[in-house]
Amino acid sequence: MNNILRIAVQKKGRLADDSIRLLKQAGLGIFRNPGALTCRAQGLPVELLFVRDDDIPSLVAKGVCDLGIAGENVLREEALEALAETNLQTVRALGFSRCTLKLAAPRDGGIKAITDLAGMKIATSYPEILKEFLCDQDITAECVTLKGAVEIAPALGLADVICDLVSSGATLAANGLVDFATVMQSEALLVRSPARWNDDKEALLARLLRRIDGVLASRATKYIMLNAPKDAIEDITALLPGADAPTIMPLAGRDDQMAVHAVCRETIFWDTLEQLEARGAHAILVLPIEKMMG
Ligand code: PRP
Ligand code: ZN
């Protein structure tokens, strides 16, 4: 078992889907039997453990799993709760499962700012993060801990305010709540255990990370191809967002036109395409990049 990487991932939920998609794109064959809580991946010596997301920090901290993919919010809450477990090392910020831990109150209830929180009851699933925030703000308020469906607390008279994760904002709106302050931003992180590993295992992680980096880079990157008049090439290449030196080639049978190919490391918006077209570019193609290395 020493030369196999065990990775803890969320059993089900939004983070679970994104975590599995990343690992599959990194070349792992993942075929889950319904109900099975472990799965030996194909392609690399990796085993996945499917667990509740709030168990991931402690499983990795204890070395039961070598790696884990968890939300920054959960990692922080667990770290504050059990100070001994703060020695997890973040190896990558993964850019998905982005959400914000926010304070929100009933729309017409008169609570509109952090300064209105003194003496209030605040419902949350993240009591440690909330307590730290209140302490930093020098506010005394009462925390009411709920494991889920926190947004229902004000309507039930359990709390005046909530502190919960917001992604699209639909849950807040559906429950007549309006956010008024941000407690923390969060995204998925890949963390590793503090245990010492042998060289083979370190090499395996390095190999997996190179692939993950390739996936993350390719997600943000597009390949753009276009044709343009020779005298507009300088203008046009200057418009390409985050492009390395583009490849510029003659077009067969067209002395006045050139083809431009470039890898763009930033989002290419419709605005940019319109500006390119206005400068004479045509036959513009924007292509996804599946994998990147080197
Ligand atoms: C999460 C979170 C919010 C909601 C935010 O709840 O706790 O309630 O999603 O998403 P939105 O802004 O896109 O509406 P989840 O669905 O995980 O349920 P739970 O909190 O009851 O576990
Ligand atoms: Zn919720």
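Values below: every heavy atom of this structure, side chains too, minus hydrogens, waters and symmetry copies. In listed order, ligands and their atoms are each counted from 1.
Residues Val144 and Ile129 do not share a hydrophobic cluster, defined by chaining ILVMFWY side chains whose heavy atoms lie under 4.5 Å apart.
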Side chain to side chain contact (heavy atoms under 4.5 Å, CB included) for Trp197 and Leu205? Distances and angles first, verdict last. CA-CA 10 Å; Trp197 298 353; Leu205 174 63; 3.6 Å; yes
Can Leu22 and Leu216 be said to form a side chain to side chain contact (heavy atoms under 4.5 Å, CB included), step by step? CA-CA 8 Å; Leu22 172 72; Leu216 297 179; 4.1 Å; yes
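Applying the 6.0 Å contact sphere to CG of Asp136 captures more than 12 heavy atoms from other residues, nucleotides or ligands. Within 6.0 Å of CG in Asp256 there are more than 12 heavy atoms belonging to other residues, nucleotides or ligands.
Each of Arg14, Gly148, Ala149, Glu151, Asp164, Leu165, Val166, Ser167, Ser168, Gly169, Ala170, Thr171 has a non-hydrogen atom positioned under 4.0 Å from some atom of ligand 1.
Results of the side-chain contact (heavy atoms from CB on, under 4.5 Å) test with Leu276 over Thr237, Leu239, Asp235 single out Leu239 as the only residue that passes.
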